[in-house]
Amino acid sequence: MAEQNEPLCGGISSELQGADLQDALDILNTSLDKLAGMGDKPSLKVVKVKSVTSQVVAGTLYRYKVQLAQGDAIKESDVKIWSRPWLSENGTNITINLEGDDNVIESTF
């Protein structure tokens with residue numbers, strides 16, 4: 001039986017902490033750097049992290065509630081990263097919803 005703080009298989013974890021949180025933030029920052037290097041995508045930087053959860057789904061689906069900076073503008077954002085590290089190509093999918101922006105930023109690399 002799962003411990004009280006452990007997610008059930010396929011379930012969403014409680015908010016990540018410690019090393020799990022740091023790993024998730026490393027994935028977020030690396031993904032934002034890759035996105036910015038694509039030329040037609042915006043350059044975004046994490047300003048503040050509000051929450052991070054994960055879910056095991058044929059890889060790991062991370063959900064972030066963060067503030068992202070694009071130039072001088074800081075926007076509340078929902079970010080999802082689906083990480084499948086065993087795939088040599090297209091193993092990471094990122095989806096970003098910026099508050100006040102109808103466009104969804106999405107990319108797979």
Side-chain angles (χ1 to χ4, degrees):
M1 183 161 210
E3 295 288 323
Q4 186 174 4
N5 291 335
E6 289 182 25
L8 298 173
C9 185
I12 297 173
S13 71
S14 55
E15 230 174 280
L16 297 181
Q17 299 177 0
D20 291 335
L21 176 60
Q22 189 56 54
D23 290 344
L25 294 177
D26 290 345
I27 290 168
L28 175 60
N29 287 317
T30 299
S31 297
L32 290 175
D33 288 345
K34 285 183 182 179
L35 189 69
M38 298 180 114
D40 64 334
K41 304 293 184 187
S43 177
L44 301 165
K45 297 291 180 195
V46 177
V47 174
K48 182 178 181 181
V49 176
K50 294 188 170 192
S51 69
V52 181
T53 61
S54 66
Q55 180 179 8
V56 176
V57 285
T60 305
L61 177 62
Y62 295 97
R63 290 182 172 94
Y64 305 82
K65 291 201 176 290
V66 294
Q67 288 181 341
L68 295 177
Q70 183 178 10
D72 291 336
I74 296 175
K75 295 185 177 184
E76 299 292 324
S77 307
D78 292 318
V79 179
K80 292 181 186 175
I81 298 176
W82 182 22
S83 175
R84 296 167 295 164
W86 64 89
L87 296 177
S88 59
E89 290 184 20
N90 299 324
T92 301
N93 174 266
I94 185 169
T95 305
I96 303 171
N97 291 303
L98 298 169
E99 181 183 276
D101 193 339
D102 292 336
N103 295 324
V104 173
I105 301 164
E106 185 171 7
S107 189
T108 302
F109 40 85

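Computed from a predicted structure; not experimentally measured. Nothing fancy with the numbering, it's 1 onward along the sequence.
- By the criterion of side-chain heavy atoms lying less than 4.5 angstrom apart, applied directly or through intervening Ile, Leu, Val, Met, Phe, Trp or Tyr residues, W82 is not grouped with I105; the two fall into different hydrophobic clusters.
- Distance check, rounded to the nearest 0.5 Å: OG of S43 to CG of D33 gives 8.0 Å.
- Nearest heavy-atom pair across R84 and A58 is CG-O, 3.2 Å.
- Annotation for S31 and I94: closest pair CB-CD1, 3.9 Å, computed over non-hydrogen atoms.
- Looking at heavy atoms from C-beta onward, I96 lies in side-chain contact with L35 at the 4.5 angstrom threshold.
- In this structure, the side chains of I27 and T60 stay at 4.5 Å or more apart for every pair of heavy atoms.
- The hydrophobic cluster containing Y62 does not contain V104, counting ILVMFWY residues as joined when their side-chain heavy atoms lie under 4.5 angstrom apart, directly or transitively.
- A distance of 3.5 Å separates CE in M38 from OG in S107, rounded to the nearest 0.5 Å.
- Using a 4.5 Å heavy-atom cutoff, the side chains of T92 and K34 are not in contact.
- Checking side-chain atoms of K45 against main-chain N and O of N29 turns up no donor-acceptor pair under 3.5 Å.
- By the 4.5 Å heavy-atom criterion applied to side chains, S54 and D20 are not counted as neighbours.
- Hydrophobic cluster membership differs between L61 and I81, with clusters built from Ile, Leu, Val, Met, Phe, Trp and Tyr side chains linked at under 4.5 angstrom.
- Residues V79 and L68 have side chains in contact (heavy-atom distance under 4.5 Å, counting atoms from C-beta outward).
- A side-chain hydrogen bond (donor to acceptor under 3.5 Å, both in side chains) with Q67 holds for exactly one of E76, E99, K75, K48; it is E76.
- Atoms CG and CG, from L21 and D26 in turn, are 9.5 Å apart once rounded to the nearest 0.5 Å.
- Residues N93 and E106 approach most closely at ND2-OE2, 3.4 Å, considering heavy atoms.
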#### Entry: Stepwise side chain to side chain contact (heavy atoms under 4.5 Å, CB included) test for Y64 and S77
CA-CA 8 Å; Y64 305 82; S77 307; over 6 Å; no
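- Note: the hydrophobic cluster containing L87 does not contain F109 (ILVMFWY, side chain heavy atoms under 4.5 Å, direct or indirect links).
- Distance alone, capped at 3.5 Å, places no donor-acceptor pair between the R63 side chain and the D78 backbone.
- Applying the 6.0 Å contact sphere to NZ of K41 captures more than 12 heavy atoms from other residues, nucleotides or ligands.
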